[in-house]
K.L.:
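Following this message is one structure expressed as structure tokens.
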2 protein chains.
Amino acid sequence: MDGPLRTVERTMRLLSELGASLEPLSLAELSRRLGLGKATVRRFLLSLEELGYVGRDARGAYSALPALGRIVAQPAAAVSRQVAGELRELAAETGTGISLGVLRGQEVLYLWREPPGSAAGVVLGEGARLPAHATAIGKILLAQLAPEAVAEIYGDTPPRAFTPRTIVSLPLLLGALQEIRRQGWALSDGELEEGLTAAAVPVYDRAGGLRWALNAASPGHRLAPAAFATDVVPALMRAAGRIGAIES
Amino acid sequence: MDGPLRTVERTMRLLSELGASLEPLSLAELSRRLGLGKATVRRFLLSLEELGYVGRDARGAYSALPALGRIVAQPAAAVSRQVAGELRELAAETGTGISLGVLRGQEVLYLWREPPGSAAGVVLGEGARLPAHATAIGKILLAQLAPEAVAEIYGDTPPRAFTPRTIVSLPLLLGALQEIRRQGWALSDGELEEGLTAAAVPVYDRAGGLRWALNAASPGHRLAPAAFATDVVPALMRAAGRIGAIES
DNA sequence: GCAAAGTGTATCGCACAATGAAACGCAAGG
DNA sequence: CCTTGCGTTTCATTGTGCGATACACTTTGC
């Protein structure tokens, strides 16, 4: 075996091209960008259209449809009504922004994100991704992994700096994770964005396996970092227990 | 030609399966779910791994990597530093949450989303998607299209209701869009979520073509709907002018 | 008005890429 | 120890995906 399957590579190149463009692209244009014959590109497009991943406008030009984005954001469907209720309650109780996420490579994939102060419970931002090493939720998720696994994830690309407080080396990160593991929860104090503080705890299922992580964030120093440890984290832990007990 | 290209269909099925699962999946498990031979599935996985779309953990199980999500969120890269500066300024000026997005089928794809009240400018939620017909930004984007184009988009699936105020039929939507087109900006008053108000304006590039739409949202009745028309919209319009003038 | 260039669409025979059965080594578990 | 399930490798076969070519049609330029 050598090299990727030709058709797979072409499929991904095509999707990538469509996803990158804000305007719909014509068949001829795509054919040129991909360096493939029109007939070939057309067959790919018709296939993807039939599958519901691309659509065509009135002029016949192609563009990526929401279904494509949903491929990766599908996990959002995993958040049941019952879990959602718990999350909203938690948001009201703590007055912070609550998120739920899983680890995907070096990033956290959010399944639920509720901005702080949204009285009516505005659910926004599922499907978003943020760097794991600079967020509380990311660190608590990384802390569930063996150090070697973390090292492999960051193998070639070291953690990137966002603020002066961001952890920017693998050894430092591993050290921080060990401490977090011991402590049972993670804090990010302005590591992603100046003035943004967050705490996170893991959510285990009934069998004791990691299911998600739960995050409480408070922007703009509305809540002192110290207040997280005393007030927010206990509430997070209680909620994580309740949520973990819910049948998936 | 009949039916989708086999390899394309299999590629998408595989990605879909990987994206839907929160835990990494083993080769054998995927082979079973797809109903394909292990050898075949393996070649697909190796291809996608080489292309950087899937990764494997220590135990060899496969999972989707962030790169997959980035296929569709790539447009986020289209927001330059200069544009970002304008957005932050606008957020500070209006005290609302500012978003930037484009239309993708029936949904708005957000390129930038900043929650209200984030003093330091927390950039979150690019790549998220929300239904176009229930958001201000979605309606202003739809209003740029010909009515027939809108009708085609909603052809088989009528607008879904989220609150009692959501527009739930195509004729009503087309009527609202006409009014919006005349007015030059759109308002969503609790159409997506009770108590969430937002206004949006289009952003044209120098050639006069539609580039994006700009949205200002204020949750929890912090700002009265009437205040949008008098205070927020003019600020939005000014910002849209400045942003549209920026070279892409 | 007519070229000319560009578009999307349809056809078709061939090469070879992709396929799945089968066999192998290995680790885990009963 | 045998069994079961896993990932990996090999291999001959075949039918799938390929692109050159040709066609109808619209847009553009003069």
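Letters go in sequence order (proteins before strands), and every chain restarts at 1.
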K.L.:
I'd like to check the salt bridge (Lys or Arg N to Asp or Glu O under 4.0 Å) partners of B:Arg6; sequence neighbours left out, ordered by chain and number.
P.N.:
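B:Arg6 satisfies salt bridge (Lys or Arg N to Asp or Glu O under 4.0 Å) with no other residue.
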K.L.:
How close or far is atom C1' of C:dG8 from atom CZ of A:Arg43, stated in whole angstroms?
P.N.:
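Distance, rounded to whole Å: 14 Å.
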K.L.:
Give, for atom CH2 of B:Trp212 and atom CG of B:Leu103, the distance between the pair rounded to the nearest 0.5 Å.
P.N.:
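Interatomic distance, B:Trp212 CH2 to B:Leu103 CG, rounded to 0.5 Å: 16.0 Å.
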K.L.:
Between the axis at one end of the helix from C:dC2-D:dG29 to C:dG30-D:dC1 and the axis at the other (five pairs apiece), what's the angle to 10 degrees?
P.N.:
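Rounded value for the end-axis angle: 40°.
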K.L.:
Give a yes or no on whether the backbone of B:Leu5 and the side-chain of A:Ser47 come within a donor-acceptor separation of less than 3.5 Å.
P.N.:
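Yes.
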K.L.:
Starting at CG of B:Leu14 and ending at C1' of C:dA18, how long is that distance when rounded to a whole Å?
P.N.:
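Atom CG in B:Leu14 sits about 15 Å away from atom C1' in C:dA18.
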K.L.:
Please give, in whole Å, the distance from C:dT11 P to A:Arg42 CZ?
P.N.:
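Going from CZ in A:Arg42 over to P in C:dT11 covers 10 Å.
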K.L.:
If you take any heavy atom closer than 4.0 Å to DNA chain C, which residues from residues 29-41 of chain A end up in contact?
P.N.:
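Result for residues 29-41 of chain A: A:Arg32, A:Lys38, A:Ala39, sorted by number.
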K.L.:
What is the minimum heavy-atom distance between A:Leu130 and A:Thr135, and which atoms define it?
P.N.:
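Of all heavy-atom pairs spanning A:Leu130 and A:Thr135, the closest is CB-CG2, 4.2 Å.
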K.L.:
Could you tell me if the side chain of B:Thr40 sits less than 4.5 Å from the side chain of B:Arg10, heavy atoms only?
P.N.:
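Yes, close enough: below the 4.5 Å cut-off.
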K.L.:
Among B:Leu25, B:Val54, B:Leu34, which residue satisfies the side-chain contact (heavy atoms from CB on, under 4.5 Å) criterion with B:Leu14?
P.N.:
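Among B:Leu25, B:Val54, B:Leu34, the one meeting side-chain contact (heavy atoms from CB on, under 4.5 Å) with B:Leu14 is B:Leu34.
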K.L.:
Could you tell me whether B:Arg104 and B:Glu107 have a side-chain N and a carboxylate O separated by less than 4.0 Å?
P.N.:
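Salt bridge absent between B:Arg104 and B:Glu107.
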K.L.:
Which pairs, with at least one residue in residues 137-146 of chain B and sequence neighbours excluded, count as a salt bridge (Lys or Arg N to Asp or Glu O under 4.0 Å)?
P.N.:
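Listed once each, the pairs are B:Lys139-B:Glu191.
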K.L.:
Could you check how far CG of A:Leu5 sits from P of C:dG20, rounded to whole Å?
P.N.:
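Between P of C:dG20 and CG of A:Leu5: 11 Å.
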K.L.:
Tell me, please, the opening and closing nucleotides of DNA chain D, 5' to 3', among those with an atom under 4.0 angstrom from a non-hydrogen atom of chain A.
P.N.:
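Extent of the interface on DNA chain D: D:dG17 to D:dA20.
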K.L.:
Are B:Ile246 and B:Glu86 close enough that some pair of their side-chain heavy atoms sits under 4.5 Å apart?
P.N.:
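Yes. Closest side-chain heavy atoms under 4.5 Å.
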K.L.:
Could you tell me if B:Gln144 and B:Tyr204 have a donor-acceptor pair between their side chains, going purely by distance under 3.5 Å?
P.N.:
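Present: a donor and an acceptor within the cut-off.
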K.L.:
Heavy atoms only: give me the nearest A:Arg181-A:Leu145 pair and the separation to one decimal.
P.N.:
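So the two residues come closest at NH1-O, 3.2 Å.
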K.L.:
Kindly say whether B:Arg160 contributes a backbone atom to a donor-acceptor pair with the side chain of B:His133 at under 3.5 angstrom?
P.N.:
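Present.
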K.L.:
I need the residues from residues 6-13 of chain A with at least one non-hydrogen atom less than 4.0 Å from DNA chain C; give them sorted by number, or say none.
P.N.:
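Result for residues 6-13 of chain A: A:Arg6, A:Thr7, sorted by number.
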K.L.:
Please report the shortest heavy-atom distance between A:Tyr62 and A:Glu49, naming the atom on each side.
P.N.:
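A:Tyr62 and A:Glu49 have their closest heavy atoms at CE2-OE1, 4.4 Å.
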